[in-house]
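Below is one structure; the comments refer to it alone.
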Amino acid sequence: GLRVLPGGKYLCADCTEENRERVSSEIMRAARTKYGVEPAFMVQLIVVSGILRWNYEVQIHIGK
């Protein structure tokens, strides 16, 4: 079914295919240590930047 992401603040980080796993770990660590949040989910988006060019963005909800 349809799911709606919660509103509020998100930590966001741009990354590439090569460093996506490392960046995802770093942003998760930042949510825990800097904001005291245990994230329930992470969003990973494909950001198209041109013909046959794309990067990624990871997002973690840190609260309202």
Side-chain angles (χ1 to χ4, degrees):
L2 179 65
R3 296 184 187 228
V4 177
L5 294 174
K9 294 183 180 181
Y10 284 76
L11 287 180
C12 301
D14 294 325
C15 56
T16 64
E17 179 66 36
E18 292 77 24
N19 70 4
R20 185 165 44 132
E21 189 172 321
R22 180 182 56 80
V23 171
S24 296
S25 295
E26 288 174 0
I27 197 172
M28 185 69 77
R29 189 176 321 109
R32 290 178 178 136
T33 59
K34 187 172 181 181
Y35 296 94
V37 174
E38 186 59 43
F41 64 91
M42 175 185 297
V43 178
Q44 297 188 11
L45 305 169
I46 297 172
V47 180
V48 178
S49 59
I51 297 174
L52 300 178
R53 282 192 66 201
W54 61 86
N55 283 320
Y56 296 85
E57 181 177 275
V58 292
Q59 301 179 356
I60 294 179
H61 185 250
I62 57 170
K64 299 195 181 287

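Computation of the quantities below employed the complete heavy-atom set of this structure, encompassing side-chain atoms and omitting hydrogens, waters and symmetry-equivalent molecules.
Between Met42 and Ile27 the shortest heavy-atom distance is CE-CG2, 4.1 Å.
At a threshold of 4.5 Å between side-chain heavy atoms, the hydrophobic network of Ile, Leu, Val, Met, Phe, Trp and Tyr places Leu45 and Leu5 in one connected group.
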Quick one: side chains of residues 6-15, donor-acceptor pairs under 3.5 Å with protein atoms, not counting sequence neighbours, listed by atom name and distance.
{"unit_1": "Tyr10", "atom_1": "OH", "unit_2": "Pro6", "atom_2": "O", "d": "2.6"}

Using distance only, find each side-chain donor-acceptor pair of residues 51-60 under 3.5 Å and give its atom names and separation, not counting sequence neighbours.
{"unit_1": "Tyr56", "atom_1": "OH", "unit_2": "Glu17", "atom_2": "OE1", "d": "2.7"}
{"unit_1": "Glu57", "atom_1": "OE2", "unit_2": "Gln59", "atom_2": "NE2", "d": "2.5"}

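For Arg3, there are no side chain to side chain contact (heavy atoms under 4.5 Å, CB included) partners two or more places apart in sequence or in a different chain. In this structure, the side chain to side chain donor-acceptor pair (under 3.5 Å) partners of Thr16, at least two apart in sequence or on a different chain, are Glu18, Asn19.
Shown here is Gln44, whose CD atom has more than 12 heavy atoms of other residues, nucleotides or ligands within 6.0 Å.
Residue pairs satisfying the salt bridge (charged side-chain N to carboxylate O under 4.0 Å, His left out) criterion with at least one member in residues 29-41, sequence neighbours excluded, are listed as follows: Arg32-Glu38. Applying the ring pair (Phe, Tyr, Trp, His ring centres under 6.0 Å) rule to pairs touching residues 12-49 yields nothing, sequence neighbours excluded.
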